[in-house]
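Only one structure is covered here, and it is reproduced in the block below.
In this text the structure is predicted, and so the values were computed from the model without any measurement.
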Amino acid sequence: VQLQASGGGSVQAGGSLRLTCAASGRTFSKYTVAWFRQAPGKERELVAAITWRSSTTYADSVKGRFTISDDNAKNTMYLQMNSLKPEDTAVYYCAASSRVVLTTRIDDYNYWGQGTEVTVSS
């Protein structure tokens, strides 16, 4: 599975961005996909995840502001980010797991895209 993330950029606080992750190669009919982020000097953390049954989970810091979704027919996943804050500044990575149940463990994600950078200025 190859993952390609896009959609990052620079916005002011309160603005919005939509990240896209396109999958190619071997794909799975049952899966969990997720967005992680890594800020400078910090560990990579889960932002949001979604399963093939549309079960979702979000980090507390983004609940109510970010929405994860996927289009199985297009092998594409999205992260709609609204009301962005400077603390959302990070490199965002999409990832995929062959686990069919929702997982927040970074070690469960076998496939990773390259990062896309998000910068939020105050």
- Test Tyr92 against Leu79 for side chain to side chain contact (heavy atoms under 4.5 Å, CB included), laying out the working first. CA-CA 10 Å; Tyr92 285 70; Leu79 184 69; 4.3 Å; yes
- Honestly curious: do Leu46 and Val101 fall in one hydrophobic cluster under the side-chain, below-4.5 Å linking rule?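 No, no single cluster joins them.
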- Query: Can Tyr93 be reached from Ile106 by stepping across I, L, V, M, F, W or Y side chains whose heavy atoms are under 4.5 Å apart?
  - Reply: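 They do share one cluster, since a chain of ILVMFWY contacts under 4.5 Å joins Ile106 to Tyr93.
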[X] to [Y] - nearest heavy-atom pair and separation:
{"X": "Ala90", "Y": "Arg37", "value": "CB-CB, 3.8 Å"}
{"X": "Ala13", "Y": "Pro86", "value": "CB-CD, 4.1 Å"}
{"X": "Gln114", "Y": "Ala5", "value": "NE2-O, 2.7 Å"}
{"X": "Asp108", "Y": "Asn110", "value": "O-OD1, 3.3 Å"}
{"X": "Thr103", "Y": "Tyr109", "value": "O-OH, 2.6 Å"}

- Query: Checking Thr116 side chain against Gly8 main chain: does a donor-acceptor pair fall under 3.5 Å?
  - Reply: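 Side chain of Thr116 to backbone of Gly8: a pair is present.
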- Query: Judged by atom type as modelled, is there a donor-acceptor pair below 3.5 Å linking the side chain of Thr32 to the main-chain atoms of Ile50?
  - Reply: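 No, because the side chain of Thr32 does not come within donor-acceptor range (under 3.5 Å) of the backbone of Ile50.
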- Step by step, work out the side chain to side chain contact (heavy atoms under 4.5 Å, CB included) result for Val33 and Leu3. CA-CA 11 Å; Val33 289; Leu3 303 175; over 6 Å; no
Drop me the distance from [X]'s [atom1] to [Y]'s [atom2], to the nearest 0.5 angstrom.
{"X": "Thr67", "Y": "Met81", "atom1": "OG1", "atom2": "CE", "answer": "11.0 Å"}
{"X": "Ser97", "Y": "Tyr111", "atom1": "OG", "atom2": "OH", "answer": "9.0 Å"}
{"X": "Glu45", "Y": "Trp35", "atom1": "CD", "atom2": "CH2", "answer": "14.5 Å"}
{"X": "Thr51", "Y": "Arg99", "atom1": "OG1", "atom2": "CZ", "answer": "12.0 Å"}
{"X": "Met77", "Y": "Thr20", "atom1": "CE", "atom2": "OG1", "answer": "9.5 Å"}
{"X": "Leu84", "Y": "Leu17", "atom1": "CG", "atom2": "CG", "answer": "5.5 Å"}

- Message: Give me each pair satisfying ring-ring contact (aromatic ring centres under 6.0 Å, His included) with a member in residues 45-73, each pair once, sequence neighbours excluded.
- Response: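 Output for this query is empty, none listed.
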- Message: With side-chain hydrogen bond (donor to acceptor under 3.5 Å, both in side chains) as the rule and sequence neighbours excluded, what pairs involving residues 69-83 come up?
- Response: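 As it turns out, the side-chain hydrogen bond (donor to acceptor under 3.5 Å, both in side chains) pairs with a partner in residues 69-83, which skip direct neighbours, are Ser16-Asn82, Tyr31-Asp70, Gln80-Asn82.
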- Answer yes or no: is there a side-chain heavy-atom contact under 4.5 Å between Leu19 and Val118?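 A side-chain contact under 4.5 Å exists here.
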- Task: Check whether any side-chain heavy atom of Val47 lies under 4.5 Å from a side-chain heavy atom of Phe36, and answer yes or no.
- Result: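 Of all side-chain heavy-atom pairs linking Phe36 with Val47, none is under 4.5 Å.
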- Message: Can you confirm whether Gln12 is buried at CD, in the sense that more than 12 heavy atoms of other residues, nucleotides or ligands lie under 6.0 Å from that atom?
- Response: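 It does not: Gln12 CD has 12 such atoms or fewer within range.
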- Item | Lys/Arg N to Asp/Glu carboxylate O, Asp88 vs Lys85, below 4.0 Å |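 No, no charged N to carboxylate O under 4.0 Å.
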